[in-house]
Protein chains: 2
Amino acid sequence: MRDFTKKLRVLLIDDNANHLRGIKELISLETSYNVVGATRNANLGLSLIKKYRPDIVLMDVNMPEKDGLQTIQSINKLGISTNVVILSGYDDSDLIYRAMKLGARGYVLKTMASSKLIDAIETVADGKIYLPSVLTTRFFEYFQNAAKEESKVSAGENLLTTLTGRENEVLDLLTQGINYKSIAQKLIISETTVKTHVNNIFQKLQVNDRTNAVLYALTHGFKPSSTMQQEMAAA
Amino acid sequence: MRDFTKKLRVLLIDDNANHLRGIKELISLETSYNVVGATRNANLGLSLIKKYRPDIVLMDVNMPEKDGLQTIQSINKLGISTNVVILSGYDDSDLIYRAMKLGARGYVLKTMASSKLIDAIETVADGKIYLPSVLTTRFFEYFQNAAKEESKVSAGENLLTTLTGRENEVLDLLTQGINYKSIAQKLIISETTVKTHVNNIFQKLQVNDRTNAVLYALTHGFKPSSTMQQEMAAA
DNA sequence: AATTATCAATCGTTCCATGGATTAAATGAC
DNA sequence: GTCATTTAATCCATGGAACGATTGATAATT
């Protein structure tokens with residue numbers, strides 16, 4: 001948990017000088033915070049993060065040169081567990097989704113009351129995610145839509161359902177890039193039997209080589225039905 | 001937007017008779033709501049949804065026979081755009097993630113104050129997502145962790161970066177399940193040249209057949225670098 | 001400026017292994 | 001009696017390995 005005897009170390013990154021100054025003043029009013037750095041340049045911000053290890057990084061997404069999303073990625077590569085709170089001018093669902101996916105811990109709109117920014121810092125410092133209701137809704141607009149598209153593919157006229165149990169096992173091994181001989185050994189059947197199964201699979205999936213069979217399986221949500229032999233092999 | 005002249009039609013599904021009764025009474029107190037149905041059985045709930053087309057469905061996740069998640073899927077298959085609000089006893093991050101991914105519009109814990117349930121209904125009826133701060137945090141615990149695992153694979157010693165431009169184009173076609181001859185035709189080069197490229201790809205990706213090359217590409221975030229010729233072909 | 005080295009991209013030939021199509025058939029379970 | 005599972009034998013196409021070799025672009029060296 002948070003150590004209330006120490007001041008929260010906050011770093012600011014925003015290419016807009018006015019915003020930067022405004023935010024800095026706002027945060028400096030809070031006695032429990034300590035602004036360890038404020039810069040208009042993302043790359044400079046990265047080295048400041050390396051040097052000062054701030055608890056919280058408040059960062060604009062929309063910056064020239066290196067944008068906020070790229071900067072989050074760079075921070076992740078550093079292996080430093082800093083809590084990033086994104087500042088943005090727009091409630092673009094795609095942008096919110098990508099920022100959160102990259103590990104942002106909070107997202108605040110610049111149009112929001114300044115008290116929200118303090119809320120965000122407090123919440124995030126407390127180990128929680130700060131995402132206002134509107135932005136949560138925006139996030140899920142994107143997220144649920146993407147999930148829907150995904151399920152569309154794996155649903156609807158799914159030829160995978162026509163496969164028998166044994167064919168499923170064989171397809172499972174095919175999707176692991178294993179050849180006839182090894183499949184035969186794994187299933188303890190002859191190679192010709194494997195070929196028969198594979199041929200049947202091809203016909204059912206309406207393809208004519210293993211690569212396309214594997215591609216079909218992967219893009220249609222194939223999940224090996226009997227995972228038994230793998231677990232046994234692991235034992 | 002919501003039509004305030006009409007009552008919100010609410011359907012309840014919860015296998016626990018006491019909960020069901022309690023929630024029903026709670027909601028009945030609100031004059032702007034109309035409970036169109038309340039059932040302890042998920043499958044019965046489904047037919048009630050078909051019949052009454054409620055604005056909101058309040059549903060328990062933890063039910064015998066058919067659980068809440070499966071029920072959401074069934075509702076989705078019906079093609080009815082009902083807003084599902086999940087009721088759950090636990091703030092399990094995995095469960096929250098899956099429910100939201102399947103399209104739930106809200107998530108409320110049974111341990112929360114009953115006023116939260118009203119808040120949820122209001123918020124969701126208003127077209128927004130209702131996810132309390134704690135649950136948002138839980139959700140992102142799972143979501144960001146999954147994203148992290150994903151990026152781990154596509155990052156780190158990625159052999160794909162060693163491929164040349166031409167090799168990338170060839171691999172792109174390989175991942176579409178195309179054979180040597182057709183690749184040669186598409187790229188307007190000889191088949192032997194394609195084989196040379198493919199062999200180089202195999203060595204760089206440390207595999208020895210096309211299936212494994214394709215599998216490597218797909219599991220390591222391969223994105224064809226030059227999409228030009230495809231766009232040109234489309235024109 | 002001339003050279004050397006490196007590397008991407010191209011093509012060819014040979015040769016063998018593997019993949020895949022086809023046809024046929026036996027067994028056992030439901 | 002249908003269907004899943006198994007095996008066999010034949011045959012051809014495709015995939016892939018191995019070795020060699022040319023061109024052009026780029027960079028480094030002299």
Side-chain angles (χ1 to χ4, degrees), chain A residues 158-218 222 224-230 232, chain B residues 158-218 222 224-230 232:
Chain A
N158 200 330
L159 301 173
L160 290 172
T161 59
T162 64
L163 299 182
T164 68
R166 201 55 160 171
E167 284 163 359
N168 265 294
E169 291 180 42
V170 173
L171 180 55
D172 180 27
L173 296 175
L174 275 186
T175 59
Q176 293 175 39
I178 307 178
N179 62 17
Y180 284 137
K181 202 178 293 178
S182 302
I183 292 177
Q185 286 170 359
K186 291 217 175 203
L187 299 182
I188 322 178
I189 53 178
S190 82
E191 195 174 333
T192 57
T193 307
V194 177
K195 286 191 177 189
T196 306
H197 286 312
V198 171
N199 264 300
N200 292 334
I201 292 172
F202 287 171
Q203 287 184 9
K204 289 186 179 178
L205 301 188
Q206 293 166 19
V207 299
N208 37 36
D209 59 56
R210 55 175 68 221
T211 307
N212 282 292
V214 169
L215 287 173
Y216 186 95
L218 296 184
F222 173 71
S225 48
S226 55
T227 325
M228 299 167 294
Q229 54 277 16
Q230 286 157 37
M232 285 171 63
Chain B
N158 199 329
L159 301 173
L160 289 172
T161 60
T162 63
L163 299 183
T164 68
R166 202 55 161 170
E167 286 163 357
N168 265 294
E169 293 180 41
V170 173
L171 180 55
D172 180 28
L173 297 175
L174 275 186
T175 59
Q176 293 174 40
I178 307 178
N179 61 15
Y180 285 138
K181 202 178 294 178
S182 302
I183 292 177
Q185 287 169 0
K186 290 217 176 204
L187 299 181
I188 322 179
I189 54 179
S190 84
E191 196 174 332
T192 58
T193 305
V194 177
K195 286 193 175 186
T196 307
H197 286 313
V198 171
N199 264 303
N200 291 333
I201 292 172
F202 287 171
Q203 288 185 7
K204 290 187 178 178
L205 301 188
Q206 294 165 19
V207 298
N208 36 36
D209 58 56
R210 58 177 62 222
T211 307
N212 282 291
V214 169
L215 286 172
Y216 187 95
L218 296 184
F222 173 71
S225 48
S226 55
T227 324
M228 298 168 294
Q229 54 279 14
Q230 287 158 34
M232 287 171 61

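The analysis underlying the following values was restricted to heavy atoms, covering all of them including side chains, and did not include hydrogens, waters or symmetry mates. Bear in mind that the values here come from a model prediction, so they are computed numbers and not experimental data. Below, read A as the first sequence line, B as the second, and so on, with proteins coming before strands; counting in each chain starts at 1.
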For B/Ile189 against B/Arg166, the heavy-atom pair lying closest together: CG2-NH2, 3.6 Å
From CD (B/Gln206) to OG1 (B/Thr162), nearest 0.5 Å: 9.0 Å
Check: B/Asn179/B/Ser182 side-chain N/O donor and acceptor closer than 3.5 Å: yes
Atom-to-atom span, CZ of A/Arg210 to P of D/dG15 - whole angstrom: 12 Å
Interatomic distance where CD1 belongs to A/Ile183 and P belongs to D/dT6 [whole Å]: 13 Å
Inter-end axis angle, the helix from C/dA1-D/dT30 to C/dC30-D/dG1, with every axis fitted to five base pairs (rounded, 10 degrees): 40°
Strand-adjacent residues in residues 189-201 of chain A, judged by heavy atoms under 4.0 Å from DNA chain D: A/Ile189, A/Ser190, A/Thr192, A/Thr193, A/Thr196, A/His197
Side-chain donor/acceptor of A/Tyr180 to backbone N/O of A/Val198, under 3.5 Å: no
Closest contact, heavy atoms only, A/Asn168 versus A/Phe222: OD1-CE1, 3.1 Å
Heavy-atom check, side chain of B/Val194 versus side chain of B/Lys186, under 4.5 Å: no
Euclidean distance, atom CG of residue A/Asp209 to atom C1' of D/dG16 [Å, nearest integer]: 15 Å
Along DNA chain C, first and last positions that approach a heavy atom of chain A under 4.0 Å: C/dT18 to C/dT22
Heavy-atom closest pair, residues B/Thr211 and A/Leu174: CG2-O, 4.0 Å
Closest contact, heavy atoms only, A/Gly177 versus B/Asp209: O-OD2, 4.3 Å
Any side-chain heavy-atom pair of B/Lys204 and B/Leu159 under 4.5 Å: no
Straight-line distance of B/His197 NE2 to B/Leu171 CG, nearest 0.5 Å: 12.5 Å
